[in-house]
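Worksheet: one structure, shown below.
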Amino acid sequence: MLKQKTIAFLGAGSMAEAMISGMIQTEKVPANQIIVTNKCNQDRLNMMKYKYGVRTVSLSDLPYEEVDFFILAMKPKGAEETLATIKDLISTNQVVISVLAGISTSYMEERLNPGQEVIRVMPNTSSMIQESATAMSAGANYDNNNAEFVQELLECMGKVYVIDEDQMDIFTGMAGSGPAYFYYLMEQMENIGKVSGMDGETARKIAAQTLYGAAKMIMEKEESPADLREKVTSPNGTTAAGLDALKKYNGGEAISQAVNHAAKRSKEISKELDQVLVSS
């Protein structure tokens, strides 16, 4: 268990739930040290309390003085109002952690008190099963001890990668959106299995196990994906025939474009969000 700290989630959406689930399932953060709040959805808070045993309160009743780490997990369009609300209710001894896509640490620092520590993180939905790829980037008021605690906290949900903030968009394209690419690939593998007469559930499990095993090989072997690919590809064999088809139909280019387009959209959303927040 981590050194006891009180963590408050400002927002109770799907990402907050995924993070809370990861923390509690690994038993590193006791449920009674997690407070969940949102602006108006009491039904959602009741569900979180019943399902995870966490403390739930309305935003107006949040015991700010008890909290060590505030996790901003509301919709990004609510950031401006939330930052204005908490600014004079928190101290610089408390840390603000943001999972808000598209909102920079500098933007938040400008709207909080001087010296307020802000850490931006981006988990993906696999945190629900402790297999997230999570990016972490500290703001200007970086404190090593707090950052180490946050990193260990995030490791309750999977692997953590400390990156520069200007790499967040490409991280979004790779890891934030990445699970959907694998699900799409699984869909195609499952469908061709069914078309060929295989039971749908069996085809799905075969596709899932194949991708899982390949990913595990990458994580556990000190070899590059290219090296592993070459090892399993015999000249004129079945794998070579499949890879030839991928190359013929620009499979590699499609993957590159998927990541680049997602990263580009991440930048666009950040700019759009800036315009909305500034005008509000």
Side-chain angles (χ1 to χ4, degrees), residues 13-26 51 99 101 121-135 154-161 163 168-266:
S14 57
M15 184 53 71
E17 183 176 2
M19 295 176 73
I20 290 166
S21 175
M23 292 176 192
I24 291 175
Q25 286 184 51
T26 56
K51 186 174 182 178
V99 296
V121 305
M122 186 176 290
N124 64 21
T125 55
S126 299
S127 56
M128 185 72 77
I129 57 168
Q130 297 89 55
E131 292 293 350
S132 175
T134 301
L154 296 172
E155 286 171 353
C156 293
M157 296 169 286
K159 302 292 184 181
V160 181
Y161 304 92
I163 64 174
M168 277 291 186
D169 291 316
I170 194 63
F171 178 87
T172 297
M174 293 172 61
S177 303
Y181 310 153
F182 282 89
Y183 299 148
Y184 183 74
L185 175 58
M186 272 192 59
E187 284 182 74
Q188 310 315 308
M189 295 172 71
E190 178 184 341
N191 287 339
I192 192 63
K194 290 192 291 187
V195 168
S196 301
M198 187 178 289
D199 172 73
E201 183 177 354
T202 300
R204 180 177 302 170
K205 289 180 178 179
I206 289 171
Q209 181 61 42
T210 300
L211 293 177
Y212 173 77
K216 193 172 183 180
M217 288 281 286
I218 292 290
M219 297 298 288
E220 295 184 358
K221 299 288 186 180
E222 295 183 0
E223 297 175 85
S224 70
D227 288 339
L228 290 171
R229 173 177 53 77
E230 289 176 2
K231 282 188 175 182
V232 300
T233 307
S234 302
N236 298 317
T238 57
T239 304
L243 288 172
D244 286 344
L246 282 174
K247 293 172 183 177
K248 178 181 178 180
Y249 294 102
N250 297 318
E253 179 64 16
I255 295 168
S256 296
Q257 288 298 322
V259 173
N260 287 330
H261 277 64
K264 180 182 177 182
R265 182 59 185 145
S266 178

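Note: hydrogens, waters and symmetry copies are ignored here, and every other heavy atom, side chains too, is used.
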Please tabulate, for the side chains in residues 202-217, all donor-acceptor contacts under 3.5 angstrom to protein atoms that are two or more places apart in sequence or on a different chain.
residue, atom, partner, partner atom, Å
Thr202, OG1, Asp199, OD2, 3.2
Arg204, NE, Glu190, OE1, 3.1
Arg204, NE, Glu190, OE2, 3.4
Arg204, NH2, Glu190, OE2, 3.0
Lys205, NZ, Glu201, OE2, 3.2
Thr210, OG1, Ile206, O, 2.7

- Once you round to the nearest 0.5 Å, how far does CG of Leu243 lie from OG1 of Thr238? 9.5 Å
- To the nearest 0.5 Å, atom CE of Met157 lies from atom CD1 of Ile20 at 10.0 Å
- Message: If I compare all heavy atoms of Met19 with all of Ser127, which pair ends up nearest, and what's the gap?
- Response: N-OG, 4.0 Å
- Task: Not counting sequence neighbours, list each pair that qualifies as a side chain to side chain donor-acceptor pair (under 3.5 Å) and has a residue in residues 169-183.
- Result: Asp169-Ser266
- Note on the structure: Rounding to 0.5 Å, atoms CD (Gln25) and CD1 (Ile129) come to a distance of 9.5 Å
- Message: What I'd like to find out is whether the side chain of Asp227 reaches to under 4.5 Å of the side chain of Lys221, using heavy atoms alone.
- Response: no
- d(Thr239 OG1, Lys231 NZ) to nearest 0.5 Å is 15.0 Å
- CD1 of Ile170 to CE of Met168, rounded to nearest 0.5 Å, is 13.0 Å
- Message: Are more than 12 heavy atoms, taken from residues, nucleotides or ligands other than Met189, located less than 6.0 Å from that residue's CE atom?
- Response: yes
- Rounded distance [0.5 Å steps], CZ in Phe171 versus CG in Asn124: 6.5 Å
- Note on the structure: Nearest heavy-atom contact between Pro179 and Ala175 is CD-O, 3.0 Å
